[in-house]
Amino acid sequence: MLQINYLRQHTAIVKDGLAKKNFPNLALVDELLSADEAIRKQKITTETQQASLNSASKEIGLLMAKGDKDAAEQKRAEVAGWKDDLAANKLALQKLEEDFTAMLLQLPNLPHSSVPNGKTPEDNEVVREGGTIPELMPAAKPHWELIKDYDLIDFETGAKIAGSGFPLYKGKGAKLQRSLIQYFLDYNTEAGYTEYMPPLMVNETTAYGTGQLPDKEGQMYHITADGFYLIPTAEVPVTNIYANEIVKDDALPVKMTAYTPCFRREAGSFGSDVRGLNRVHQFDKVEIIQLVHPAKSYEVLEEMVNHIERLLQFLELPYRILRLCGGDMSFTSALTYDFEVYSAAQKKWLEVSSVSNFENYQTNRMKIRYKESDGKTQLLHSLNGSSLALPRIVAALLENNQQEEFISLPKVLHSYFGATMLEG
RNA sequence: GGAGAGUUGUCCGAGUGGUUGAAGGAGCACGCCUGGAAAGUGUGUAUAUGGGAAACUGUAUCGAGGGUUCGAAUCCCUCACUCUCCGCCA
């Protein structure tokens, strides 16, 4: 969440930023500022009262120690009357603070200056493209047909076991998943990321920390009996590893990677883009996450973009990198690059990775800090990116590499998969 | 699931109602000592937030949240977590 000090000092910048993100309720900023004012006033009243109560209590203690019972008794009688008033003030303060926090949580992160103006995906800016779009044979098929032909995934049985959108990977289809996960993790750890295997369920506090709560409950599966949420991405448990910590200098930058299944309800999504692997409720993803010094976060963002770009090059997939416009960015992000690969049989671009700098929006919620050389504690910046989400990568690999009798695989996967191609 | 024991600062650890934000030790930082280092020795060393130009100072925090009290790390309640034993189990 945003920091109130920043709102106080840079009100105009905040409003401009919110406008760029198409935030509709700019008046909220002024409401917040006056609520903040009211809190501080109330605090002074309440704490002054508390201070006199505290010092009176101390006096009573001293009188008792001296054995002056009468004086202590007299003081106690005097002080007892203060309590109701103080309690009322405390309650009022608490209410003010709760309302304030609820409002502050409604404000999204501010966009970086390089974020393009715009409202819809059409306004995103193509930063660069790479790879070559293959010329497919006339009889080329979309991946959901190839999946059937080569018996890689059984969607029907997955639906029988759980529901639609829960793929049942099978045989070489399952092995391909495992090979990709293994390759991605190796690629990340070689670049200095530490591998984690986190819990796949998180509690409410953790979901709140990365910004899934409040507000996005509907997108996560909720285990109501125990109060857990199934993770929608490894970002949630892994970023929270450092929640409420002051990270030591020599631990920076923190570079973490994790493979996890991701669970998404995708409530309300419909239409043609849900076919095959394009949109599912459970999918595999390898994530990279960094916690870095604020001065370095944009440099690190570029480094992460390059890291993922190389991965797509190794996979020999045609890709493009987009800088998302203000209206298409996520609530918590300050700058996001999306990676899309071209799925040659569907003839469309599929999002396979999203790399974002959250600056201190997440770390402010989680209180992930470091100590400045002058001894002051400051918030770190958090970043993350998918490297990569599997389903659409698989879709593109299958479609783009299909031949009459087989589907070839990129060289990097040969040793992991134990073969150079998929055969029917 | 049942029974019991715990949770205190960076770490260890004392503390069962009154100057306790918290003894003592370790660690760390700075200084003294030393040719240099070690040892020794002195000082300092939590977080958040309000007020203040600053010096400084108020408030809160001893797993979390409530309660009793003039006053709670200490008493009561609820919850979470850790450990031990039993049960169940991959």
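Quick note on labels: first sequence line is chain A, next is B, and so on, each numbered from 1. Model, not experiment: these values are computed from the prediction. No hydrogens, no waters, no symmetry mates; every other heavy atom, side chains included, goes into these values.
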Base partner of [N], which must satisfy Watson-Crick or wobble distances under 3.5 Å:
N: B:U16; answer: none
N: B:A72; answer: none
N: B:A29; answer: B:U43
N: B:G58; answer: B:U49
N: B:A22; answer: none
N: B:A64; answer: B:U78

Contact class for [X] (heavy atom, under 4.0 Å): base, sugar-phosphate, or nothing?
X: A:Ile44; result: sugar-phosphate
X: A:Ala51; result: sugar-phosphate
X: A:Thr48; result: nothing
X: A:Asn54; result: sugar-phosphate
X: A:Ile246; result: sugar-phosphate

Review point. Where the side chain of A:Val79 is concerned, which of B:G50, B:U19, B:C70 is the nearest nucleotide?
Key: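 Shortest atom-to-atom distance from the side chain points to B:C70.
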
Review point. Of all the choices, B:G50, B:U19, B:G18, which nucleotide is nearest to the side chain of A:Met64 once you look at every atom?
Key: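 When the side chain of A:Met64 is considered, B:G18 is the closest of B:G50, B:U19, B:G18.
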
Would you measure the distance from the [atom1] atom in [N] across to the matching atom in [M] and give it in whole Å?
N: B:A73; M: B:G36; atom1: C1'; value: 47 Å
N: B:A14; M: B:U68; atom1: C1'; value: 26 Å
N: B:A26; M: B:C81; atom1: C1'; value: 27 Å
N: B:G21; M: B:U61; atom1: P; value: 11 Å
N: B:G52; M: B:G58; atom1: P; value: 16 Å
N: B:G9; M: B:A23; atom1: P; value: 13 Å
N: B:C89; M: B:G4; atom1: C1'; value: 23 Å
N: B:C11; M: B:A60; atom1: C1'; value: 25 Å

Review point. So, A:Asp30 and A:Lys15, do they make that salt bridge, N to O below 4.0 Å?
Key: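 Salt bridge between A:Asp30 and A:Lys15, a charged N being under 4.0 Å from a carboxylate O: yes.
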
Review point. In terms of side-chain geometry, is the basic nitrogen of A:Asp249 or A:Lys371 positioned less than 4.0 Å from the acidic oxygen of its partner?
Key: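 Salt bridge flag = no for A:Lys371 with A:Asp249.
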
**Study point:** Ring centre gap for A:His307 and A:Tyr187 strictly below 6.0 Å
**Key:**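 Yes, ring centres under 6.0 Å apart.
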
Review point. Would the A:Phe358 and A:His381 ring centres measure less than 6.0 Å apart?
Key: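 Ring-ring flag for A:Phe358/A:His381: false, centres at least 6.0 Å apart.
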
Review point. Side-chain N or O of A:Lys83 less than 4.0 angstrom from OP1 or OP2 on B:C70?
Key: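 Yes, because at least one side-chain N or O of A:Lys83 sits under 4.0 Å from OP1 or OP2 of B:C70.
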
Point to revise | A:Gly61 or A:Ile4, whichever maps to the more 5' nucleotide of RNA chain B | key: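 Going by which nucleotide is closer to the 5' end, it is A:Gly61.
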
Check your understanding: Hey, which of these two, A:Ile60 or A:Phe228, hits RNA chain B nearer its 5' end, going by closest nucleotide?
Key ->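 First, find each residue's nearest nucleotide; the 5'-ward one identifies A:Ile60.
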
Check your understanding: Should the pair A:Arg365 and A:Tyr208 be classed as cation-pi, given the thresholds of under 6.0 Å to the six-membered ring centre and 45° from the axis?
Key ->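 Output yes; distance and angle both within limits.
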
Exercise for review: Report the relative orientation of the aromatic rings in A:His281 and A:Tyr221; use parallel for angles under 30°, tilted for 30 to 60°, perpendicular for over 60°.
Suggested key: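 Judged by the thresholds at 30° and 60°, the geometry between A:His281 and A:Tyr221 is perpendicular.
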
